[in-house]
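Working notes, structure below.
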Amino acid sequence: MKTPTLITLTLIISLLFSCNRIETEKTLKKADKLYIRSVIPIDEDEKIHKFYSEYKLKVAGNFFTDKRIVSYWIDERDITKNKIIFAHYSDIISIDTVSNVGLTYCPYLLVTKSDSTRFKVCVDGNRNEITAFFTDAINMWQNNK
């Protein structure tokens, strides 16, 4: 790949990721909350504390509530590739943070459930935002397990 093409590709990827930001229950649009609740049945009293989509909200979402941590991928072409993964805090045995992932990946929480399955909860932003997401999610787990 020629250098100008590589630079252009890097800029496009950077712009794509820079449009996404960490949302909260208060900053998510009502329509977005309704969509998320249609993908993941969330209890009426369950609040989304922080949400991040590494692509677009209707395709990818990573968030935590006061009851669980969730990651989803909705394939727009093939529903057999959809992935909806979550863990209630009582089912989680560990949460590890992975921050050094390279240019093309998002930092993530690696959630390990009591049945030994694992899943990633991706989040991106500036260092302080990522650290706050990680810290808040881990604190929520610690306080609710």
Side-chain angles (χ1 to χ4, degrees), residues 1 6-7 9-145:
M1 187 178 279
L6 183 60
I7 292 170
L9 181 60
T10 302
L11 286 173
I12 290 170
I13 290 171
S14 296
L15 287 173
L16 178 66
F17 286 119
S18 68
C19 296
N20 298 344
R21 63 188 181 113
I22 297 169
E23 301 281 356
T24 67
E25 181 81 28
K26 292 179 181 179
T27 63
L28 277 168
K29 296 176 189 166
K30 185 175 181 177
D32 292 340
K33 286 191 261 188
L34 289 172
Y35 176 78
I36 293 165
R37 289 177 184 272
S38 75
V39 172
I40 307 289
I42 298 175
D43 296 340
E44 189 66 33
D45 64 337
E46 193 170 358
K47 302 290 185 228
I48 298 170
H49 285 271
K50 291 196 176 174
F51 176 94
Y52 180 77
S53 176
E54 68 267 31
Y55 180 48
K56 42 186 187 176
L57 184 135
K58 293 200 176 201
V59 173
N62 302 276
F63 63 95
F64 64 95
T65 73
D66 48 351
K67 297 182 180 184
R68 64 181 117 189
I69 296 180
V70 180
S71 180
Y72 67 83
W73 175 267
I74 306 300
D75 193 290
E76 295 176 304
R77 294 185 204 131
D78 184 356
I79 63 169
T80 65
K81 294 180 181 176
N82 289 359
K83 289 185 181 180
I84 299 170
I85 307 165
F86 67 89
H88 288 93
Y89 294 120
S90 60
D91 294 330
I92 298 172
I93 59 171
S94 70
I95 299 176
D96 297 307
T97 61
V98 180
S99 298
N100 298 323
V101 292
L103 290 175
T104 58
Y105 296 101
C106 288
Y108 60 90
L109 294 170
L110 182 60
V111 178
T112 304
K113 297 170 59 173
S114 56
D115 65 3
S116 298
T117 59
R118 292 179 168 183
F119 66 96
K120 295 177 183 178
V121 177
C122 301
V123 63
D124 207 358
N126 68 44
R127 181 184 296 242
N128 291 337
E129 293 167 333
I130 294 166
T131 300
F133 187 103
F134 287 174
T135 301
D136 293 348
I138 291 169
N139 286 339
M140 188 67 69
W141 166 57
Q142 292 288 341
N143 293 331
N144 292 287
K145 58 180 177 174

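Reckoned from all heavy atoms, side chains included, excluding hydrogens, waters and symmetry mates.
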**Study point:** Ring centre gap for F64 and F133 strictly below 6.0 Å
**Key:** yes
Review point. For H49, which residues count as a ring pair (Phe, Tyr, Trp, His ring centres under 6.0 Å) partner, sequence neighbours excluded?
Key: none
Check your understanding: Which heavy-atom pair separates I92 from A87 by the least distance, and what is that distance?
Key -> CG1-CB, 3.6 Å
Check your understanding: Do you know the tightest heavy-atom contact between Y52 and D124?
Key -> OH-CB, 3.3 Å
Check your understanding: How far does OH of Y108 sit from CG of D96, to the nearest 0.5 angstrom?
Key -> 9.5 Å
Point to revise | Gap between atom NZ of K50 and atom CD1 of I22 - 0.5 Å precision | key: 6.0 Å
**Study point:** Minimum heavy-atom distance between F119 and S71, given as atom pair plus value
**Key:** CD1-CB, 4.1 Å
**Study point:** From L57, V70, T24, V123, residue fulfilling side chain to side chain contact (heavy atoms under 4.5 Å, CB included) relative to F51
**Key:** L57
Practice item. Give the minimum heavy-atom separation between D43 and R68, together with the two atoms involved. Key: N-NH2, 4.2 Å
Review point. Would you say L34 has more than 12 foreign heavy atoms packed within less than 6.0 Å of its CG?
Key: yes
Check your understanding: Once you round to the nearest 0.5 Å, how far does CG of L109 lie from OG1 of T97?
Key -> 7.0 Å
Study note, to complete from the structure: Rounded to the nearest 0.5 Å, the SG atom of C122 sits from the OH atom of Y55 at a distance of 15.5 Å
Check your understanding: Would you say T135's side chain and T131's backbone share a donor-acceptor pair under 3.5 angstrom?
Key -> yes
Check your understanding: What heavy-atom pair brings R37 and I42 nearest, and what distance separates the two atoms?
Key -> NH1-CG2, 3.4 Å
Check your understanding: Just wondering, are more than 12 heavy atoms of other shown residues or ligands nearer than 6.0 Å to NZ in K145?
Key -> yes
Point to revise | Test item: I36 and L28 side chains (from C-beta on) under 4.5 Å apart, heavy atoms | key: yes
Study note, to complete from the structure: Distance col, row F63:CZ vs I69:CD1, nearest 0.5 angstrom, shows 10.5 Å
**Study point:** Main-chain N/O of D75 paired with N82 side-chain donor or acceptor, under 3.5 Å
**Key:** yes
Review point. Can you name the nearest heavy-atom pair linking S99 to F134, along with the distance?
Key: OG-CE1, 3.7 Å
**Study point:** Working for salt bridge (Lys or Arg N to Asp or Glu O under 4.0 Å), residues E76 and K58
**Key:** CA-CA 9 Å; E76 295 176 304; K58 293 200 176 201; over 6 Å; no
Review point. Does the S38 side chain pair with the main chain of Y35, one donor and one acceptor, at a distance under 3.5 Å?
Key: yes
Point to revise | Lys/Arg-Asp/Glu bridge criterion (N-O < 4.0 Å) met for K120, E54 | key: no
Review point. So, K47 side chain and D66 main chain: donor-acceptor pair closer than 3.5 Å or not?
Key: no
Exercise for review: Measure the spacing between CH2 of W141 and CD1 of I93 and express it to the nearest 0.5 Å.
Suggested key: 8.5 Å
Review point. Under a 4.0 Å N-O cut-off, is there an ion pair linking K29 with E23?
Key: no
